[in-house]
Participant: 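Structure below; questions to follow.
Labels below follow one simple rule: chain letters A, B, ... track the order of the sequence lines, proteins then strands, and each chain is numbered from 1.
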Amino acid sequence: MNLHEYQAKELLKKYNVTVQEGFACSTVHEAEEAYRQIKTQYGSNFAVVKAQIHAGGRGKGTVKETGINGVKVAKSAEDVVDISKKLLGGTLVTLQTGPAGKVVNKILVAQDMYYDGVSDRKEFYLSILLDRTKGQNVIMYSTEGGMNIEDVAHDTPEKIFKEWVHPSGGLQGFQARKIAFNLGLSGDAFKNMVKFVTNLYHAYVGLDCSMLEINPLFKAADNKIVAVDCKMNLDENALMRHADLASLRDITEEDPTEVEAGKYNLNFVKLDGNVGCMVNGAGLAMATMDMIKLSGGEPANFLDVGGTANAQTVEAGFKIILKDPAVKAILINIFGGIVRCDRVAQGVIDAYKNLGNIHIPIIVRLQGTNAVEAKKLIDESGLEVQSAILLSEAADLVKKAVA
Amino acid sequence: MSILVNKNSKILVQGFTGTEGTFHATQMIEYGTNVVGGVTPGKGGTSHLDKPVFNTVADCVKTTAADTSIIFVPPAFAADAIMEAAEAGIKLVVCITEGIPVQDMVKVKNYLQGKSTRLVGPNCPGVITAGECKVGIMPGFVFIPGRIGIVSKSGTLTYEAADQVAKAGLGISTAVGIGGDPIIGTTTKEAVELFMNDPETDAIVMIGEIGGGMEAEAARWIKETGNKKPVVGFIAGQTAPPGRRMGHAGAIVGGADDTAAAKMKIMTECGIHVVSSPADIGKKMAEVIKK
């Protein structure tokens, strides 16, 4: 589950991680008020206004309607009002959002960290994630902050450091010090970085994050170490032990069809193709998408209906797939193991009759327990449904449907 | 012989008396699997499906000499169940449970190091040695006895592959569903290695999907050890968009081998017979075996 920057920063503060302070605002009025508070608190006329969406590249992205960038520095209350008006309700398009962009419902009005002081300012990169191969958490960091880390990894791999954390021992002091040394720090900045990294790791584990990225990780001119931005993903499997975190989910950031599918316990991902599919099992679902492509179509979705494909799930699946006008055919691919194919076939027939008005070809491939009886049921139903038993037969039917 | 389980395996069921445990234990017994008992804390001393129930895995092992465990406990308690089985000296733990938090599995993986316990899963369909022993939730009838081994990250795709192999006139020695989670016990390479050393397996079907680097690791190992037995490979997710959750990790670590295309390329280079359509797995195997 993705969190917004402002939500992630609030969570980090509970673990004594220093963050760039700010206020999340939904209206221009709130933004103006936030600016006044920041000005009083930090004695600066500068503040940063940041669009809150679930995607990176906001600074370089632009709002379709007003042309403004997703992150702007304001020098006055009037500035904040002007920027907020242009951001709130607008559609921000970044490299990561795709051309459709994402609607900005909230903005973060934050303190300016680029003040002068005794030392140089520096931007670093640091993230914590799972190394699947080692089965351990790894802290990845670099002196090159503020830019796209994948570019740094590609162009200058020697500037990326990794520190693996022992699963039972946890992050040790020497490891935190090594990170601070490798980032070239000394004195107060060094001490602050050691504290920062230690607390950040506690947050990562304590919140059951699947990814935590601080970019830029900022050394201010007064040697403070601060999270200026934060990207946090939570492990959805662990939400059962974090009742408070589940409420942070922002469904306005998700595809509405995907949200609706979730209500029926269907695992659905919207794609751009012309052949919808409904499959039991994630691996077979992906394989079915691949087969659609090889048959000359493009998959319109990923849909895993799970182990118990019955009339209700099939009907819900139909409704969700049919919402997409680009869909020209639907392939249902069920390998019946413990679930019997004739029951699934009856489910398909019932769902088809209940919905009525299905004007596109439906191809049903049922294999496994009672597959022959299932094919007979479909063939004798009088409905415009084509049936298959072998996967290769289903592929041929898809080929004909999209030709 | 086959691998991991056979007719002599003594199976215990953790989460025995729950809905899932009861349903699948019944199916396993009907298949002919030697289920010797089960564990449900607090229900020790009772009996379920005509088998004894114990409070702890250690008690069950002491009385029944069980050597294999299958786990159906809910995700919040599954990591604990795996470690309990390992501590009691169980040789093979098959964890079916889906939805275990990743940080729990980080602990489990570490806990198992240096122990003689092998974990299969979690989030997997289990292990079946055709005609002998089913330690899982797969439909037994699909797995016709024969000499082809299957290792797969996916459940229904494993059944699909076994069915195609049967339709091609061949059969299955053992099928291992290793699971689709980011951290799993037995890797693709480890399962392939077991098959390569199994005198009752002539060829291997290796089914992977996007995310992680396990298929590449297995492919390189197969090449390094001289391609001793033919391997037919398939990777699901050639059309999956990047960054979306369909088993995809999306991390930089190991990122080079992440896509289906990258994995298929490495597998082909390592002498694996890669098919691009899931409908061709059985056909390809028949072709390869005849050579």
Participant: Given heavy-atom pairs under 4.5 angstrom as the criterion, report whether the side chain, backbone, both or neither of A:L239 touches chain B.
Facilitator: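 Neither part; nothing is under 4.5 Å.
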
Participant: Of the non-hydrogen atoms in B:L157 and A:G283, which two are nearest, and what is the gap between them?
Facilitator: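 Scanning both residues completely, I find the closest heavy atoms to be CD2-O, 3.7 Å.
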
Participant: In terms of heavy-atom proximity below 4.5 Å to chain A, should B:Y111 be classed as side chain, backbone, both, or neither?
Facilitator: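 The answer is neither part of B:Y111.
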
Participant: So B:V142 and A:F335, do their side chains get closer than 4.5 Å, heavy atoms only?
Facilitator: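 Yes, close enough: below the 4.5 Å cut-off.
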
Participant: Counting C-beta onward and ignoring hydrogens, is there a side-chain heavy-atom pair between A:T288 and B:P278 closer than 4.5 Å?
Facilitator: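 Not touching, per the 4.5 Å side-chain cut-off.
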
Participant: Give, as side chain, backbone, both or neither, the part of A:E258 having an atom under 4.5 angstrom from any heavy atom of chain B.
Facilitator: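 Contact with chain B involves the side chain of A:E258 alone.
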
Participant: Under 4.5 Å from any heavy atom of chain A, what part of B:D181 do you find: side chain, backbone, both or neither?
Facilitator: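 Just its backbone gets close to chain A.
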
Participant: Which residues pass the salt bridge (charged side-chain N to carboxylate O under 4.0 Å, His left out) test with B:K107, not counting sequence neighbours?
Facilitator: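 Result, salt bridge (charged side-chain N to carboxylate O under 4.0 Å, His left out) vs B:K107: none returned.
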
Participant: What part of A:M289 gets closer than 4.5 Å to chain B, counting heavy atoms only: side chain, backbone, both or neither?
Facilitator: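 Both backbone and side chain.
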
Participant: With sequence neighbours excluded, give me every salt bridge (Lys or Arg N to Asp or Glu O under 4.0 Å) pair touching residues 280-297 of chain A.
Facilitator: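 Output for this query lists A:K293-A:E298.
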
Participant: Would you say that more than 12 heavy atoms from the other residues, nucleotides or ligands in this model lie under 6.0 Å from the CG of A:D272, or not?
Facilitator: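 No.
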
Participant: Any donor-acceptor pair under 3.5 Å linking the side chain of B:T156 with the backbone of A:N280?
Facilitator: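 Present.
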
Participant: Check each atom of B:F141 against the heavy atoms of chain A and say whether the ones under 4.5 Å are side chain, backbone, both or neither.
Facilitator: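 For B:F141, side-chain heavy atoms alone lie under 4.5 Å from chain A.
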
Participant: Apply the test side-chain contact (heavy atoms from CB on, under 4.5 Å) to residues B:Q103 and A:N137: give CA-CA distance (whole Å), side-chain angles for both, the deciding distance (0.1 Å), then the verdict.
Facilitator: CA-CA 9 Å; B:Q103 295 304 330; A:N137 297 313; 3.0 Å; yes

Participant: Select, from B:D280, B:D104, B:V108, the one with the greatest count of heavy-atom pairs under 4.5 Å involving chain A.
Facilitator: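 Between B:D280, B:D104, B:V108, the count favours B:D104.
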
Participant: Tell me, side chain or backbone of B:I184 under 4.5 Å from chain A's heavy atoms, or both, or neither?
Facilitator: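 Looking at B:I184, nothing touches chain A.
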
Participant: Is there side-chain contact between A:R132 and B:I183, with heavy atoms separated by less than 4.5 Å?
Facilitator: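 Side-chain contact under 4.5 Å: no.
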
Participant: Are A:I292 and B:T239 side-chain neighbours, meaning at least one heavy-atom pair lies under 4.5 Å?
Facilitator: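 Side-chain contact under 4.5 Å: no.
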
Participant: Could you have a look at B:M105, B:E160, B:K283, B:M214 and say which one has the most heavy-atom pairs with chain A under 4.5 angstrom?
Facilitator: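 Result: the option with the highest number of such pairs is B:E160.
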
Participant: Would you indicate whether the side-chain heavy atoms of A:L391 and B:Q164 approach each other to under 4.5 Å?
Facilitator: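 B:Q164 reaches A:L391 side chain to side chain.
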
Participant: Is any side-chain heavy atom of B:P101 closer than 4.5 Å to one of A:R241?
Facilitator: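 They are in side-chain contact.
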
Participant: Is B:I100 in contact with chain A via its backbone, its side chain, both, or neither, using a 4.5 Å heavy-atom distance?
Facilitator: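 Contact with chain A is through the backbone of B:I100 alone.
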
Participant: With a 4.5 angstrom heavy-atom cut-off, which part of A:A287 approaches chain B: side chain, backbone, both or neither?
Facilitator: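 Contact with chain B involves both backbone and side-chain atoms of A:A287.
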
Participant: So with a 6.0 Å cut-off around NZ of B:K115, is the heavy-atom count from everything else above 12?
Facilitator: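 Atom NZ in B:K115 is packed in, count exceeds 12.
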
Participant: Which one wins on heavy-atom pair count under 4.5 Å against chain A: B:S276, B:A240, B:G155?
Facilitator: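 Of the options given, most contacts go to B:S276.
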
Participant: Quick one, A:M286 with B:I210, criterion side-chain contact (heavy atoms from CB on, under 4.5 Å). Give me CA distance, side-chain angles, the key distance, then yes/no.
Facilitator: CA-CA 9 Å; A:M286 278 190 272; B:I210 51 166; 3.9 Å; yes

Participant: Tell me which of these, B:A279, B:S277, B:G208, B:P125, has more heavy-atom pairs under 4.5 Å with chain A than the rest.
Facilitator: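 Most pairs with chain A among the choices: B:A279.
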
Participant: Using heavy-atom distances under 4.5 Å, tell me whether B:V102 contacts chain A through its side chain, its backbone, both, or neither.
Facilitator: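 Both backbone and side chain of B:V102 come within 4.5 Å of chain A.
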
Participant: So, A:N237 versus B:E98: side-chain donor-acceptor pair below 3.5 Å or not?
Facilitator: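 Note: A:N237 and B:E98 side chains miss the donor-acceptor criterion.
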
Participant: Could you pull out all residues at least two apart from B:K167 that satisfy side chain to side chain donor-acceptor pair (under 3.5 Å)?
Facilitator: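 Result, side chain to side chain donor-acceptor pair (under 3.5 Å) vs B:K167: B:D163.
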
Participant: Tell me the residues of residues 74-82 of chain B whose non-hydrogen atoms fall below 4.5 Å from those of chain A, in number order.
Facilitator: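 So far as heavy atoms go, B:P75, B:A76 are the residues that approach chain A to under 4.5 Å.
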
Participant: Which one of A:S127, A:G135, A:A285 has the most heavy-atom pairs closer than 4.5 Å to chain B?
Facilitator: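 With the most close heavy-atom pairs to chain B, the winner is A:G135.
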
